[in-house]
Amino acid sequence: MNENRSEMSVRIKTVLFAIVIVSGLCSCGGGKNPSGTESAEASVGDTLELNEFGIPVAGYEVETKQVGRGDFFSNILNEYGITNQEIYRISEAIKDTFDIRDIRVGNEYTSFVSEADTTLHYWVYCIDRQRYLILDLRNADSVGSMIFRKRMQTVPCYADVTIENSLWYDMVSAGVSPLLILKLSDIYAWTVDFFALQKGDVFKVLYDEVRCDGEVFAIGDVRYVEFTHDGEMFPSVMFDQGDGGNIYWNDKGESMRKAFLKAPLNYSRISSGFSYARKHPVTRKVQPHTGVDYAAPTGTPVMTVGDGTVIECRYRGANGNIVKIKHNSVYTTAYLHLSRFAKGMYVGKRVRQGDVIGYVGSTGRSTGPHLDYRIWKNGTPINPLKMESPSAEPLKKDNMDEFRAVMGVYKSSVDSIYAVKLYDGAMKAVSAAGKVS
């Protein structure tokens, strides 16, 4: 018992530390640099000045360009006097490190030409914001190559965003990376319909940003969220039980995962709701629309909202390309007007929640690309936006005390940060009013 309490204390302190302290730089790299050392940093000498890639600064004419349309590895190196025969030998020597066919238009490359003999000694290609291919061409018989990875920095962050226009617009206006939207939509996919956010809804979030060169490279862990929607607060807490399963829970220890996703596709908008008296946009006749239309670009992936078996996969007249899935003895869903079906989709196929089953289109009787999504409960159509879905397996009882303690730390942190922010805002307002008067 004492050992469990000790472990719990350590984890709580770790959580608090993660909120307050910026974690140290971590190396994401591997392999050897052109000089044969384990990292670029290790090759820095006392007198020889090297750049971030471990290449000497002095004695080279350095030129940076972008890969243009029609450019290939071969014609780029041809410009530096390297023959096609030599280029073939280079490509073969580095094929285990990088496939030269993956060079992309618009990406930058930097050439290091020796001022002494005007030959190309080093060539550095930017694969993405983090990774670089470095070629050491000094020895024609032994080409050196490595993938250099810039160091990443994980920074604990806090954000609160109030919806005034749209989640995307308000997130960016608040100075928060829109990448956070994707994380939030994943966590709340079973709880909150992101297509039905309302003005005044509020997100308060504790999360990690992964930064490279000071810019946001990715969103790391989202540790705690308070989402207030239509006056009701929906908290989410990150807590890993170590069983390889769910790690996000509500304040009661119930899984944030549900039997069904709230929506079958990512961020879009509702163009038509569930109704028994809708005027059809094509026929202009009043007829039932027992589903929800999601407007989205053609080709947007459509996911099954839950586990089940495909019972229909075909073109069906006005419904266009349709996939229908039986989830259990109670629920069935259908996805209409698809441009095409996902590869390997067929009647009888078993699908898992989140699997892509097709792509948004405008087949059948349709005025434009959208997904018509429908649900039946015991054979009767129901409104997908109002369906309540049961939670998956809850948190283990043995972990509840630790979970509540971790959640308490997170909540106290959010409350304190938000209070300070409100105080600072009030003081600025008072100061501004004093200057005006």
Would you say the side-chain atoms of [X] pair up with the backbone N or O of [Y], donor to acceptor, closer than 3.5 Å?
X	Y	value
T298	P369	no
Y248	V222	yes
R129	V216	yes
N107	C126	yes
T332	K326	no
D240	I247	no
S185	L182	yes
N328	V330	yes
H370	Y294	no
S339	V360	yes

Considering all heavy atoms of both residues, which atom of [X] and which atom of [Y] are nearest to each other, and what is their separation?
X	Y	answer
D372	G291	OD1-CA, 4.0 Å
A159	V176	CB-CG2, 3.6 Å
M233	T228	CG-OG1, 3.5 Å
K252	N250	N-OD1, 2.9 Å
G368	S366	O-OG, 2.8 Å
Q241	N399	OE1-ND2, 3.0 Å

[Y]/[X] salt bridge by N-O under 4.0 Å criterion:
X	Y	value
E209	R211	yes
D398	K396	no
R104	D102	yes
R131	D128	yes

How long is the straight-line distance from [atom2] of [Y] back to [atom1] of [X], given to the nearest 0.5 Å?
X	Y	atom1	atom2	value
Y188	K262	OH	NZ	13.5 Å
T363	I322	OG1	CD1	10.0 Å
E226	S236	CD	OG	10.5 Å
I219	L180	CD1	CG	5.0 Å
R314	K324	CZ	NZ	9.5 Å
F227	I163	CZ	CD1	7.0 Å

Would a 4.5 Å heavy-atom cut-off, applied to side chains only, mark [X] and [Y] as touching?
X	Y	answer
V302	V323	no
R223	D208	yes
V205	V161	no
F98	I127	yes
H327	V305	yes
V105	D71	no
Y122	P56	yes
W249	S255	yes

Exercise for review: Kindly confirm or rule out a cation-pi arrangement of K183 over Y207, judged by NZ or CZ under 6.0 Å from the six-membered ring centre and within 45° of its axis?
Suggested key: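 No.
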
Point to revise | Audit row: Y132, I147, side-chain contact (heavy atoms from CB on, under 4.5 Å) steps and yes/no | key: CA-CA 6 Å; Y132 292 78; I147 299 297; over 6 Å; no

Point to revise | Other residues, nucleotides, ligands: >12 heavy atoms within 6.0 Å of R350 CZ | key: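 It does: R350 CZ has more than 12 such atoms within range.
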
Review point. Should we count OH of Y315 as having more than 12 external heavy atoms under 6.0 Å?
Key: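 Enclosed.
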
Review point. After noting the C-alpha distance and the side-chain angles of F73 and W123, does the key distance pass the side-chain contact (heavy atoms from CB on, under 4.5 Å) rule?
Key: CA-CA 11 Å; F73 183 70; W123 191 76; 3.8 Å; yes

Check your understanding: Centroid-to-centroid, Y109 to Y125, below 6.0 Å?
Key ->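 Not under 6.0 Å, so no.
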
Review point. Hey, do the aromatic rings of F260 and Y331 have their centres closer than 6.0 Å?
Key: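 Yes, the ring of F260 comes within the 6.0 Å limit of the ring of Y331, centre to centre.
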
**Study point:** Evaluation steps, side-chain contact (heavy atoms from CB on, under 4.5 Å), between M171 and F203
**Key:** CA-CA 10 Å; M171 192 80 79; F203 283 95; 5.5 Å; no

Practice item. Could you walk me through whether T304 and Y335 pass the side-chain contact (heavy atoms from CB on, under 4.5 Å) test, one step at a time? Key: CA-CA 9 Å; T304 173; Y335 312 81; 3.8 Å; yes

Review point. Considering the options D293, L338, T300, which one meets the side chain to side chain contact (heavy atoms under 4.5 Å, CB included) requirement together with L371?
Key: L338

Point to revise | Side-chain donor-acceptor pair present, Y158, D160, cut-off under 3.5 Å | key: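 Yes - a donor-acceptor pair under 3.5 Å links their side chains.
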
